[in-house]
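All chains are named by letter (A, B, ...) in the order of the sequence lines, taking the proteins before the strands, and each is independently numbered beginning at 1.
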Number of protein chains: 2
Amino acid sequence: MRDAIIEAVITGRLAPGDRVIEATLSRELGVSRGPVREAFRELAEQGLLVLAPHRGATVPLVTERDAYEIYSILTFTERLALRLVKEHLSGAMLGTFKEAVREMRAAAERGDAPGVAHADLAFNDALYAFAGHRRLARLWQGLKAQCYLLVREYAPRTYASLSAVVEHHATIVDLIEHAGWAELRRYLEANADRVDARLLELLGPADAAPREA
Amino acid sequence: MRDAIIEAVITGRLAPGDRVIEATLSRELGVSRGPVREAFRELAEQGLLVLAPHRGATVPLVTERDAYEIYSILTFTERLALRLVKEHLSGAMLGTFKEAVREMRAAAERGDAPGVAHADLAFNDALYAFAGHRRLARLWQGLKAQCYLLVREYAPRTYASLSAVVEHHATIVDLIEHAGWAELRRYLEANADRVDARLLELLGPADAAPREA
DNA sequence: CATTGTATGATTGTCAACAATTGGCAATCA
DNA sequence: TGATTGCCAATTGTTGACAATCATACAATG
């Protein structure tokens, strides 16, 4: 149910801007409006749908500002998760991370942007699962959904330099394994500062422009 | 509707552990199950309710681990929000912050823990509203709800030293106004590190103990 | 006495119909 | 032409009834 809608959003059957009506969709899916309604609320909560009462829900447009809002949170969650994981790191965890990086690198080498994105998500899924921080994991699940929208729209820019994405993750794995927390932290913060700085630029002009649910 | 339930949870009419049934509550509130159901989902999303299908929803018990999970996220959101606010700080914002600190100090001086908590929430509401980061603001709204549960249960410990809470906020306001970002950042990170360290201790023993929705 | 099967009641999941609200459009008037 | 008002259709909000599911208690069996 929920996944059916998500799938429609992700695959692009639902493009940003077009209206989705509870009744229409419930007929299409062959269920009543109740479950559809619930799914709508959940998707809206995750930022995959914008509810506009009596005007139909729409798939949101992800602006560059939105992208940096997401990134600015992800840099933090990544940092905290890595810290927690690093503390009781096992061989199995390391293996999972390395495997994800391997896949990512293979995808990058054949210029397969969706493949890189997929491996990126897998890497993060593992990261937050291992971290053992329930609220952090939930937070990631929510942001992940928005990442789908993001890569769909900004694949060219976000994954402009596929090798840069790969190297970022490779560096992280290397630092987890061989370096101390202080060093890993320095690396992550340099990254975060870059993101935050860009966010500040984007936030300046249109400071109070509400749109979301 | 939603607020009616929240209010029941906060004021303690609903204690951690006792079951809340959709049908029962809908009768009590004089509405049908539909709206109640929606509110349940929303509260569950925010962590104020744990849904256990066919066994009744319950108000969750907030363990010390939960508390530090919340704190570890709040230290970050606070840091990012402060950075964004500091960049285009206005006199009105500063005034709002100072007023909140004033209230907080007054409450602390008469030993009024709930009063301190209230002013704390007001301070944060203002902070995230001013930051202009939509997703960060949403994140705060979610955590705020859990803070209600938290203070209800841990008021003695969390607000053990009321003056410490006051001074924390006073320091922040002072640093926003008179110091640079680097200095404010050092202060915040020292705080965050303390929280993270404690979280690591708590996460160690019961690493994989799921309970939440 | 432990274990498994079964009946039963409680609770949630789903549905279709109805009520309330709203946005947009057409008719009207300046 | 441009603005205003009233109406209508589309959409969401709510309801009560029904179906499905699950937990629990109890009985039957080894």
Side-chain angles (χ1 to χ4, degrees), chain A residues 1-9 12-61 134 138 141-142 145 149 209-213, chain B residues 1-9 12-61 134 138 141-142 145 149 209-213:
Chain A
M1 166 77 294
R2 192 194 91 110
D3 294 338
I5 303 178
I6 286 191
E7 201 252 341
V9 172
R13 201 158 59 250
L14 256 47
D18 40 282
R19 302 191 315 167
V20 196
I21 307 304
E22 289 181 5
T24 308
L25 192 59
S26 75
R27 267 195 306 276
E28 279 179 27
L29 297 179
V31 295
S32 82
R33 267 182 53 220
V36 171
R37 198 181 161 75
E38 245 170 44
F40 269 40
R41 301 312 242 268
E42 192 180 339
L43 295 190
E45 174 69 33
Q46 296 200 337
L48 286 183
L49 224 45
V50 178
L51 303 183
H54 299 285
R55 249 181 306 176
T58 61
V59 178
L61 243 166
R134 288 189 292 253
R138 281 181 69 75
Q141 290 303 326
L149 280 188
R211 180 173 48 76
E212 205 166 350
Chain B
M1 166 77 291
R2 192 194 90 109
D3 294 338
I5 303 177
I6 287 190
E7 200 252 342
V9 171
R13 201 159 56 250
L14 255 48
D18 42 282
R19 304 192 314 166
V20 194
I21 306 304
E22 289 181 5
T24 308
L25 192 59
S26 75
R27 267 195 305 276
E28 280 179 26
L29 297 178
V31 295
S32 78
R33 266 183 52 219
V36 172
R37 198 179 161 74
E38 245 170 44
F40 268 41
R41 301 314 241 268
E42 192 180 338
L43 295 190
E45 174 69 35
Q46 296 199 338
L48 287 184
L49 222 48
V50 177
L51 304 183
H54 298 284
R55 248 180 304 175
T58 60
V59 178
L61 242 166
R134 288 190 291 256
R138 282 181 70 74
Q141 289 304 326
L149 280 187
R211 178 172 50 77
E212 206 167 346

At what distance, to the nearest 0.5 angstrom, does CD of A/Glu42 lie from CD of B/Glu45?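 Answer for the CD-CD pair, A/Glu42 versus B/Glu45, is 7.0 Å.
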Spacing of OG1 belonging to B/Thr58 relative to CG belonging to B/Leu49, to within rounding of 0.5 Å: 7.0 Å
If you walk 5' to 3' along DNA chain D, what is the first nucleotide with an atom under 4.0 Å of a heavy atom in chain A, and what is the last?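 With heavy atoms of chain A under 4.0 Å away, the range is D/dT11 to D/dT14.
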Could you pull out all residues at least two apart from A/Glu38 that satisfy side-chain hydrogen bond (donor to acceptor under 3.5 Å, both in side chains)?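 By the side-chain hydrogen bond (donor to acceptor under 3.5 Å, both in side chains) rule, A/Glu38 matches B/Arg37, B/Arg41.
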Exercise: identify the closest heavy-atom pair between [X] and [Y]:
X	Y	answer
B/Pro16	B/Leu61	CB-CG, 4.1 Å
A/Pro60	A/Leu149	CG-CD1, 3.7 Å
A/Ala4	A/Leu29	CB-CD2, 4.5 Å

Per the side-chain hydrogen bond (donor to acceptor under 3.5 Å, both in side chains) rule, what does the pair list look like for residues 26-35 of chain B, sequence neighbours excluded?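 Every side-chain hydrogen bond (donor to acceptor under 3.5 Å, both in side chains) pair that includes a residue of residues 26-35 of chain B, provided the two are not neighbours, is B/Glu22-B/Arg33.
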What is the per-nucleotide protein-contact pattern of nucleotides 10-20 of chain C, from the 5' end, where B denotes a base atom under 4.0 Å from a protein heavy atom, S denotes such proximity for sugar-phosphate atoms only, and - denotes neither? -BBBBB-----
